S.K.: 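Pasting in a structure now, in structure tokens, and then I'll have a few things to ask.
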Amino acid sequence: MNDTTFLPSDEIRSLFSRRMSEMYRAEVPLYGDLLDVVADVNADSMREPTLLAQLRRKGELERIDVERHGAVRLGKPEELATMRRLFKVMGMAPVGYYDLSVAGVPVHSTAFRPVTDASLSNNPFRVFTSLLRLELIENPVLRAEVQEILARRNIFTPRVLALIEQAETAGGLTAAQAEEFVAQALETFRWHSEATVSKATYDKLLAAHRLIADVACFKGPHINHLTPRTLNIDDAQVEMTRRGMAAKDVIEGPPRRKVPILLRQTSFRALQERVAFVGESEAEAGTHTARFGEIEQRGVALTRKGRALYDALLSRVRDANGAGNAGADYQARLDAAFSDFPDDLKTMREAGLGFFRYALTDKGRAANQDALAAKSLQALVDEGWLDAEPITYEDFLPVSAAGIFQSNLGSDEQKSYAANSAQAVFEAALGAKVQDEIALYEEAQARSLKAAVPFLSAA
Ligand code: OOG
Ligand code: NI
């Protein structure tokens, strides 16, 4: 027995997310401007009483101001394995597998995030984490060189490694240890303006793929963006432009709808940051373009059936004449295609397209439970015995992620790799399996049903 009190992992995550945001704000001041835009737009949106009430019911009112995600790109399998252990200390687990090679980006990815209802509502901080796929670099000489450069680096401080081990053996960290852990962990995500290679090597890797240069030439995997959640991305996009930010032309994801689904995202272009290369004098220093700001709006999580419909409609828009997301009429084409996706909660629920959390209403609690047991789920909701609250999508979208990558790597970046999803290879590097994101929503829905109407779920 020992009487040490551990700081809950939810609190370590909140602390880390807050410190990371402060650090990024100091490193990329435009991110601070973006936070201001989102705070203004969200305050405006919350004047709408129905939206406010819905956020309150879903337990999202408190989390909205602190909610954000970040992204890093790693170079080595062992970096990914250690990252998994580091995020575990903060209550974050790998969820989902994203193959971005289809879109010409030689990485595959997962999202580290909390998974329980309570932790998500506490602070849903997520980090989209990518691993470079060296095997997709065709030139064997270049591949070996990148491997050799990466082999020389260690992106974690010795102290953070010791604290991860401490957390693993003891089962947690005290408040003081957690403070130190957060400060040490941040070192991995910080921007380093000194490259680990010469300008000539950097230029060579840049020519192979901008992403390879970004991953391989630096001491660590600098956090490349942090994304606050907005309640109205269309307004936020207009406001970004009005305040002089170079917003991306197209909002990634589904079109604007009455009932938002999944995830819509937009960003401003990466900044040029000064870099000192090995062997260069200060006068010959160059720049590197990688880091950016992004905002997102989250909507209803879709079932496998809903997701298949989303994917089909999106590819109908994107594959038509190989148009992708280019062209002034993209928004119109997107709107047209998505007229086939029901835009009201009742139809989405009855057609099994979205996930919902169920709870008895006051009327339902007061009722004779045996009488309720005779009714169908549909009738229980329609007649007001049971509330059905849509579940928020907590994950990412591969096509959108690729679009975000592309727009921040430079528009000339259209390398193509044969689609070759390699989840098993990724999981071997990670040292664990990733959780199936859709299964998590299925479980959340089933849990709520079981608690609200046990007689139904038993059937
Ligand atoms: C990650 C891009 C993916 C998102 O929001 O879809 C992403 C990256 O650029 O490293 O963050
Ligand atoms: Ni992002």
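What you see is a predicted model; the values in this text were computed from it and never measured. Ligands are counted one by one from 1 in listed order, and the atoms in each one are counted from 1 as well. Positions are given from 1 along the sequence.
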S.K.: Just jot down the ligand 1 atoms closer than 4.0 angstrom to any heavy atom of Glu294, in number order.
M.R.: 4 (C), 5 (O)
S.K.: Would you please classify the geometry between the His225 ring and the His69 ring as parallel, tilted or perpendicular, with 30° and 60° separating the classes?
M.R.: perpendicular
S.K.: Check the angle between the aromatic planes of Tyr441 and Phe355 and answer parallel, tilted or perpendicular using the 30° and 60° thresholds.
M.R.: parallel
S.K.: Could you find the nearest protein heavy atom to atom 1 (C) of ligand 1 and give me its residue, atom name and distance?
M.R.: Phe405 CE1, 3.5 Å
S.K.: In this structure, does ligand 1 have an atom that sits under 4.0 Å from one of the heavy atoms of His69?
M.R.: yes
S.K.: For Arg143 and Glu138, indicate whether the former's side chain and the latter's backbone hold a donor-acceptor pair under 3.5 Å.
M.R.: yes
S.K.: Give the numbers and elements of all ligand 1 atoms closer than 4.0 Å to a heavy atom of Phe396.
M.R.: 4 (C), 5 (O), 6 (O)
S.K.: Check for a donor-acceptor pair, side chain of Tyr97 on one end and backbone N or O of Ala422 on the other, with a separation under 3.5 Å.
M.R.: yes
S.K.: Do the charged groups of Glu427 and Lys433 touch, with an N to O distance under 4.0 Å?
M.R.: yes
S.K.: N/O to N/O below 3.5 Å, does that happen between Ser400 and ligand 1?
M.R.: no
S.K.: With a 4.0 Å heavy-atom cut-off (strictly under), which part of Ala71 contacts ligand 1: side chain, backbone, both or neither?
M.R.: side chain
S.K.: Does the structure place the NZ or CZ of Arg113 under 6.0 Å from the centre of the six-membered ring of Tyr393, at an angle of no more than 45° from the ring's axis?
M.R.: no
S.K.: Nearest 10°: the angle subtended at the Ni ion (ligand 2) by His225 NE2 and His69 NE2?
M.R.: 100°
S.K.: Pairing donors with acceptors under 3.5 angstrom, does anything connect the side chains of Thr287 and Glu273?
M.R.: no
S.K.: Would you name the N/O/S atom of Glu294 that lies closest to the Ni ion (ligand 2)?
M.R.: OE1
S.K.: Counting from 1, what ligand 1 atoms have a heavy atom of Asn224 closer than 4.0 Å?
M.R.: 8 (C), 9 (O), 10 (O)
S.K.: Ignoring angles and geometry beyond distance, decide whether Arg73 reaches within less than 3.5 Å of ligand 1 through its nitrogen or oxygen atoms.
M.R.: yes
S.K.: So, 4.0 Å and heavy atoms of His225: is ligand 1 close enough to count as a contact?
M.R.: yes
S.K.: Counting non-hydrogen protein atoms only, what is the nearest one to atom 5 (O) of ligand 1? Give residue, atom name and distance.
M.R.: Gln265 NE2, 2.7 Å
S.K.: Within the distance-only criterion (no hydrogens, no angle test), does the side chain of Ser315 pair as donor or acceptor with the backbone N or O of Ala312 below 3.5 angstrom?
M.R.: yes
